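These numbers were taken from a predicted model, which means no experiment stands behind them.
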Amino acid sequence: MSAVSDRLPTFPWDKLTPFKATAAAHPDGIVDLSVGTPVDPVPELIQKALVAAADSPGYPTVWGTPELRDAITGWVERRLGARDVTHRHVLPIVGSKELVAWLPTQLGLGPGDRVAHPRLAYPTYEVGARLARAEYEVYDDPTELDPEGLKLLWLNSPSNPTGKVLPKAELTRIVAWAREHGVLLFSDECYLELGWEAEPVSVLHPDVNGGSYEGIVAVHSLSKRSNLAGYRAAFLAGDPAVLAPLLEIRKHGGMMTSAPTQAAVIAALGDDDHVRVQRERYAARRALLREALLAHGFRIEHSEASLYLWATRGESCWDTVAHLAERGILVAPGDFYGPAGAQFVRVALTATDERVRAAVDRLSR
């Protein structure tokens, strides 16, 4: 087991422990804006669907029920503008993090193969490459990478942590480059429903891919849009030639979304109202936190989408973490997401209205 664990970096969140203790000692309690975990209730119609499917004694299927695949294909076409999406174009997964961590292994990558991801990025892209013993590298513009041996290219728009959105023209250029060089492209679009100052576009949109899904797969999650992080509900959509072997591998590995969760996903993807309500909650919290951070001397970059504000005071991120912890506010240091984030912190919008107001009050003093 040590041979596997030795491939992995130190789990970054453990480094926050002393700062969390400082923040928790605040007389009015901690305001935890460090982790993007939903705090609002699971919408009632989704809870009802889960309960109605609670009597599920048999094994679920890895590919999901036909009704689940119908719900996914319908949502992809309605929300993302995709065309001619069939059941072969979709695959349920057990939360998006497990997919990111194990995709290089499931693709059969190993020593000598290369995986690339954005310079500032979700740490699990690197973890996935490490688990497969593949090489990993970062980019600012993926089309400047050497395509030789590049087997997997990760896009992430809207970005975690920066909230940056890739414009349609940029996505189109990258997709064309990846196809020209035979590079498999996975686009992590888990924050696509949370655009504030920009309208995120999927690689599944025909204006981006020319009406073909060859060599591209999009990753989507219900964790943020529907408050279902605890359900582990996500899916892939894209090239059937990529998804079919992944389905077979995941069958052998028993990577199945539970039957009650499948029923919940059907309900969630069939209803847009709860997404609108949740967006309004986050928009209000974002406006309050953004104004308070700017007034406190922060500069905010990007952050045009997603659930975070990417903020800096022009100092070490750890100095900023300490500064805010003394005020009972916990945030994530930017270097968790790569050395380029060394002077930034990621401020999550995922706190209750009451806790957000508490943070705003503390920042104003």
Side-chain angles (χ1 to χ4, degrees), residues 1-16 35-37 62 91-139 142 145-156 159-161 178 182-191 215-221 223 229 232-239 241-258 332-333 335-341:
M1 286 300 298
S2 62
V4 177
S5 62
D6 287 349
R7 299 178 208 162
L8 303 178
T10 301
F11 189 64
W13 294 96
D14 292 343
K15 300 176 185 177
L16 267 185
V35 183
T37 186
V62 173
L91 177 62
I93 54 177
V94 191
S96 57
K97 183 170 184 176
E98 66 89 352
L99 183 280
V100 173
W102 293 107
L103 179 63
T105 298
Q106 292 175 12
L107 292 172
L109 305 190
D113 297 324
R114 293 165 48 233
V115 176
H117 59 75
R119 186 171 302 281
L120 282 165
Y122 184 47
T124 313
Y125 302 132
E126 177 186 324
V127 167
R130 285 173 174 257
L131 286 170
R133 295 193 180 93
E135 299 173 16
Y136 52 90
E137 59 190 278
V138 300
Y139 65 79
L145 293 166
D146 179 0
E148 182 67 29
L150 182 59
K151 297 297 179 67
L152 175 60
L153 172 63
W154 280 107
L155 298 185
N156 180 209
S159 163
N160 174 14
V183 177
L184 177 60
L185 187 156
F186 266 68
S187 180
D188 182 344
E189 302 175 351
C190 290
Y191 294 91
I216 58 173
V217 176
V219 184
H220 282 271
S221 167
S223 293
R232 311 315 301 135
F235 60 87
L236 306 178
D239 190 345
V242 177
L243 298 186
L246 285 179
L247 172 59
E248 292 306 310
I249 291 166
R250 295 171 70 84
K251 285 179 180 178
H252 284 289
M255 301 174 108
M256 333 173 223
T257 304
S258 75
D335 65 4
F336 277 11
Y337 308 94

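The heavy-atom pair separating Leu16 from Pro333 by the smallest distance is CD2-CD, 4.0 Å. Between Ser96 and Cys190, the closest heavy-atom pair is OG-SG, 3.7 Å. Contact record, Pro245 with Ala241: CD-O, 3.2 Å, taken as the closest heavy-atom pair. The two residues Pro92 and Thr257 come nearest to each other via the heavy atoms CB-OG1, 4.1 Å. In terms of heavy atoms, Gly215 sits closest to Leu184 at O-CD1, 3.7 Å. When every heavy atom of Pro142 is checked against every heavy atom of Leu153, the shortest pair comes out as CB-CD1, 3.7 Å.
Counting only distance, with no hydrogens or angles, the side chain of Arg7 and the backbone of Leu131 share a donor-acceptor pair below 3.5 Å. Looking at Arg114, its side chain does come within 3.5 Å of a backbone N or O of Asp146 through a donor-acceptor pair. One N or O on the side chain of Ser221 and one on the backbone of Ser223 form a donor-acceptor pair closer than 3.5 Å. Put simply, the side chain of Asp188 never gets that close to the backbone of Leu155: no donor and acceptor are under 3.5 Å apart. Between the side chain of Arg232 and the main chain of Ala229, a donor-acceptor pair closer than 3.5 Å is present.
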>> Go through it in stages, so that I can follow the logic: the residues are Glu137 and Leu145, the test is side chain to side chain contact (heavy atoms under 4.5 Å, CB included), and I'd like the CA-CA distance, side-chain angles, deciding distance and then a yes or no.
In response: CA-CA 9 Å; Glu137 59 190 278; Leu145 293 166; 3.3 Å; yes
> For His117 and Tyr122, what are the C-alpha separation, side-chain angles and deciding distance, and is it a side chain to side chain contact (heavy atoms under 4.5 Å, CB included)?
Replying inline: CA-CA 9 Å; His117 59 75; Tyr122 184 47; over 6 Å; no
>> Walk me through whether Phe235 and Val219 qualify under side chain to side chain contact (heavy atoms under 4.5 Å, CB included).
In response: CA-CA 6 Å; Phe235 60 87; Val219 184; over 6 Å; no
>> Checking Leu185 against Val217 for the side chain to side chain contact (heavy atoms under 4.5 Å, CB included) test, could you report, in this order, the C-alpha distance in whole Å, the side-chain angles of both residues, the deciding distance, and whether it holds?
In response: CA-CA 6 Å; Leu185 187 156; Val217 176; over 6 Å; no
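Side-chain contact between Arg130 and Glu135 is absent, with no heavy atoms from C-beta onward closer than 4.5 Å. Looking at heavy atoms from C-beta onward, Glu98 lies in side-chain contact with Arg250 at the 4.5 angstrom threshold. At a threshold of 4.5 Å between non-hydrogen side-chain atoms, the residues Leu103 and Leu152 count as touching. A 4.5 Å side-chain heavy-atom check between Leu109 and Val115 finds at least one atom pair inside the cut-off. Residues Leu246 and Leu236 form a side-chain contact, since some pair of their non-hydrogen atoms from C-beta on lies under 4.5 Å apart. At a threshold of 4.5 Å between non-hydrogen side-chain atoms, the residues Phe186 and Val242 count as touching.
When the side-chain hydrogen bond (donor to acceptor under 3.5 Å, both in side chains) test is applied to Asn160, the partners found at least two apart in sequence or on another chain are Arg346.
In this model, no donor atom of one side chain and acceptor atom of the other lie less than 3.5 Å apart for Asn156 and Tyr191.
Ring centroids of Phe336 and Trp13 are separated by less than 6.0 Å, placing the two rings close together.
Leu99 pairs in a side chain to side chain contact (heavy atoms under 4.5 Å, CB included) with only one of the listed residues (Leu91, Ile93, Val94), which is Ile93.
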